[in-house]
Amino acid sequence: MAHWLFKSEPSKFSFADLKAKGAAGTEWDGVRNYLARNNMRTMQVGDQGFYYHSNEGLAVVGICEVVALSHPDSTSADPRWDCVDVRAVRDLKRPVTLAEIKTEPSLSKMSLVTSMRLSVQPVTDEEWEIVLAMAER
DNA sequence: GCCAACGTTGGC
DNA sequence: GCCAACGTTGGC
């Protein structure tokens, strides 16, 4: 099962907002970037991802899960744009900040470091475990 | 609030 | 199909 990272500005749509959507989750709409869209197209139901707060917080704060395969983005009239549905799974024990991730040598190749602006990113199994472990510290 | 990075658009 | 202009993202 693959892992991902979803980025959102908490002032627009925070992890708390996603939790409020409950088990059915919500469309991860509004993505207008081909790479991010292609990542969503390869997602499977049950794939889990980190939830990252950009602009404020600057940290991975929770875990979410894909509950619906890629489908047309209902907020776009342009048929190019697809998105998946996601639901919140749980908070991390504590947020893992971007600053921490940047100082962790084993995460130097993480997309969050190398492709900061990509809004939906792949996370390797190794990176997934490392960040989870950091949240336990 | 600034500015660098980078993705997208549109004229040619 | 190229590339300059422009808009947006997001850390600082």
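Quick note on labels: first sequence line is chain A, next is B, and so on, each numbered from 1. As the structure is a prediction and not an experimental result, all values here were calculated from the model.
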Nearest-0.5 Å distance, CG of residue A:L132 to CD of residue A:Q48:
9.0 Å
Protein-nucleotide distance ([X], atom [atom1]; [N], atom [atom2]), rounded to Å:
X      : N      : atom1 : atom2 : value
A:K12  : C:dG10 : NZ    : P     : 8 Å
A:L5   : C:dG10 : CG    : C1'   : 14 Å
A:N55  : C:dT8  : CG    : P     : 14 Å
A:N39  : B:dG7  : CG    : P     : 13 Å
A:L98  : C:dC12 : CG    : C1'   : 11 Å
A:K7   : C:dG11 : NZ    : C1'   : 10 Å
A:L112 : C:dG10 : CG    : P     : 10 Å
A:R32  : B:dG7  : CZ    : C1'   : 14 Å

Does the side chain of A:Y34 get closer than 4.0 angstrom to OP1 or OP2 of B:dC6 through an N or O atom?
no
Contact class for A:N33 vs. all strands (heavy atom < 4.0 Å): base, sugar-phosphate, or nothing?
sugar-phosphate
With sugar-phosphate meaning primed atoms plus P, OP1 and OP2, does A:L35 contact a base, only sugar-phosphate, or nothing at under 4.0 Å between heavy atoms?
nothing
Any sub-3.5 Å donor-acceptor pair from [X]'s side-chain atoms to [Y]'s backbone N or O?
X     : Y      : answer
A:R94 : A:R137 : yes
A:K7  : A:L118 : yes
A:S8  : A:P10  : no

Step by step, would you call A:R37 with A:R80 a side-chain contact (heavy atoms from CB on, under 4.5 Å)?
CA-CA 9 Å; A:R37 182 205 62 185; A:R80 279 181 299 180; 4.3 Å; yes
Keeping to residues at least two apart or across chains, list the ring-ring contact (aromatic ring centres under 6.0 Å, His included) pairs with something in residues 107-137 of chain A.
A:H3-A:W128, A:F50-A:W128
Expected rows: protein N/O vs nucleotides 1-5 of chain B N/O, under 3.5 Å:
from: B:dA5; atom 1: N3; to: A:R117; atom 2: NH1; distance (Å): 2.3

Hydrophobic cluster of A:Y34, others only, ordered by chain and residue number, side-chain cut-off 4.5 Å
A:W81
